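In this text the structure is predicted, and so the values were computed from the model without any measurement.
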Amino acid sequence: VQLQASGGGLVQAGGSLRLSCAASGRTFSRYFMGWFRQFPGKEREFVAAIRWSEGGTYYGDSVKGRFTISRDYAKNTVYLQMNSLKPEDTAVYFCAAGRSSNYASRSQYDYWGQGTQVTVSS
């Protein structure tokens, strides 16, 4: 299984970025696909998750109303649209796949992609 994250970069506060996570190696119909972020010296923090089959979405409190998670069946890809970015959103963002419904817990994810850096300047 491979998860390939991309789309990070440098953006000014108030701007937008879209992260992508291309998944391969198995079918993910029974999986939750999640995004986490990690600040320097901190544990990874839950950002958002989507239930691959039904499309139900879940968000961390700090990103509700600003970030949107979605998936494209044909491309086997999950997206994280990030709007109204703030300097405090600066972090390394990771995508992950797991079968547990405890989607906010990083320990419940079986597969992880490499991180992609998001930097928001003030």
#### Entry: Step-by-step side chain to side chain contact (heavy atoms under 4.5 Å, CB included) determination, F32 to R99
CA-CA 6 Å; F32 285 82; R99 298 186 66 171; over 6 Å; no
By the disulfide (SG to SG under 2.5 Å) test, which pairs, at least two apart or in different chains, include something from [range]?
| range | answer |
| --- | --- |
| residues 25-57 | none |
| residues 41-72 | none |
| residues 89-122 | C21-C95 |
| residues 24-67 | none |

### Message
Suppose we screen for salt bridge (charged side-chain N to carboxylate O under 4.0 Å, His left out). Which residues come up paired with R66, at least two apart in sequence or across chains?
### Response
D89
### Summary
salt bridge (charged side-chain N to carboxylate O under 4.0 Å, His left out) filter on K42, not counting sequence neighbours, yields none
### Task
Output, in order, the C-alpha distance, side-chain angles, deciding distance and verdict of side chain to side chain contact (heavy atoms under 4.5 Å, CB included) for Q81 and S70.
CA-CA 8 Å; Q81 178 67 43; S70 62; over 6 Å; no
### Task
Could you give me the CA-CA distance, side-chain angles and deciding distance for W35 and F67, then say whether ring pair (Phe, Tyr, Trp, His ring centres under 6.0 Å) is met?
CA-CA 11 Å; W35 285 98; F67 291 12; 10.0 Å; no
### Message
Test: salt bridge (Lys or Arg N to Asp or Glu O under 4.0 Å). Region: residues 13-35. Which pairs qualify, not counting sequence neighbours?
### Response
none
### Task
Give every residue pair that meets the salt bridge (Lys or Arg N to Asp or Glu O under 4.0 Å) criterion with at least one member in residues 101-122, sequence neighbours excluded.
E43-R106
### Summary
Tightest non-hydrogen contact, residues Y109 and A96, listed as CD2-CB, 3.4 Å
### Task
State, to 0.1 Å, how close F36 and S105 come at their nearest heavy-atom pair, and which atoms those are.
CZ-C, 4.1 Å
### Message
For Q117, give me all partners under side-chain hydrogen bond (donor to acceptor under 3.5 Å, both in side chains), at least two apart in sequence or on another chain.
### Response
T119
### Task
Can you measure from OG1 (T68) to CG (N83) and round to the nearest 0.5 angstrom?
6.5 Å
### Task
Kindly compute the distance separating CZ (R71) from CZ (F28), expressed to the nearest 0.5 Å.
14.0 Å
Can you list, pair by pair, the side-chain donor-acceptor contacts under 3.5 Å of residues 1-14, counting residues two or more places apart and other chains?
none

### Backbone of P87 reached by a side-chain donor or acceptor of T90 within 3.5 Å
yes
### Backbone of K75 reached by a side-chain donor or acceptor of T77 within 3.5 Å
yes
Mind listing the side-chain donor-acceptor pairs of residues 44-59 below 3.5 Å, one per line with the distance, residues two or more places apart or on another chain?
unit_1	atom_1	unit_2	atom_2	d
R44	NE	Q38	OE1	3.1
E45	OE2	R37	NE	2.8
E45	OE2	R37	NH2	3.1
R51	NE	E54	OE1	3.1
S53	OG	S29	O	3.3
Y59	OH	I69	N	2.9

### 4.5 Å side-chain heavy-atom contact, V118 and M82
yes
### Message
As a quick check of understanding, evaluate side chain to side chain contact (heavy atoms under 4.5 Å, CB included) for V92 and T116, giving each step before the final call.
### Response
CA-CA 5 Å; V92 179; T116 184; 6.0 Å; no
### Task
State yes or no: do Y31 and W112 share one hydrophobic cluster built from I, L, V, M, F, W and Y residues joined by side-chain heavy-atom distances below 4.5 Å, directly or via other members?
no
### Query
Do any pairs count as a ring pair (Phe, Tyr, Trp, His ring centres under 6.0 Å) and have a residue in residues 74-99, sequence neighbours left out, and if so which ones?
none
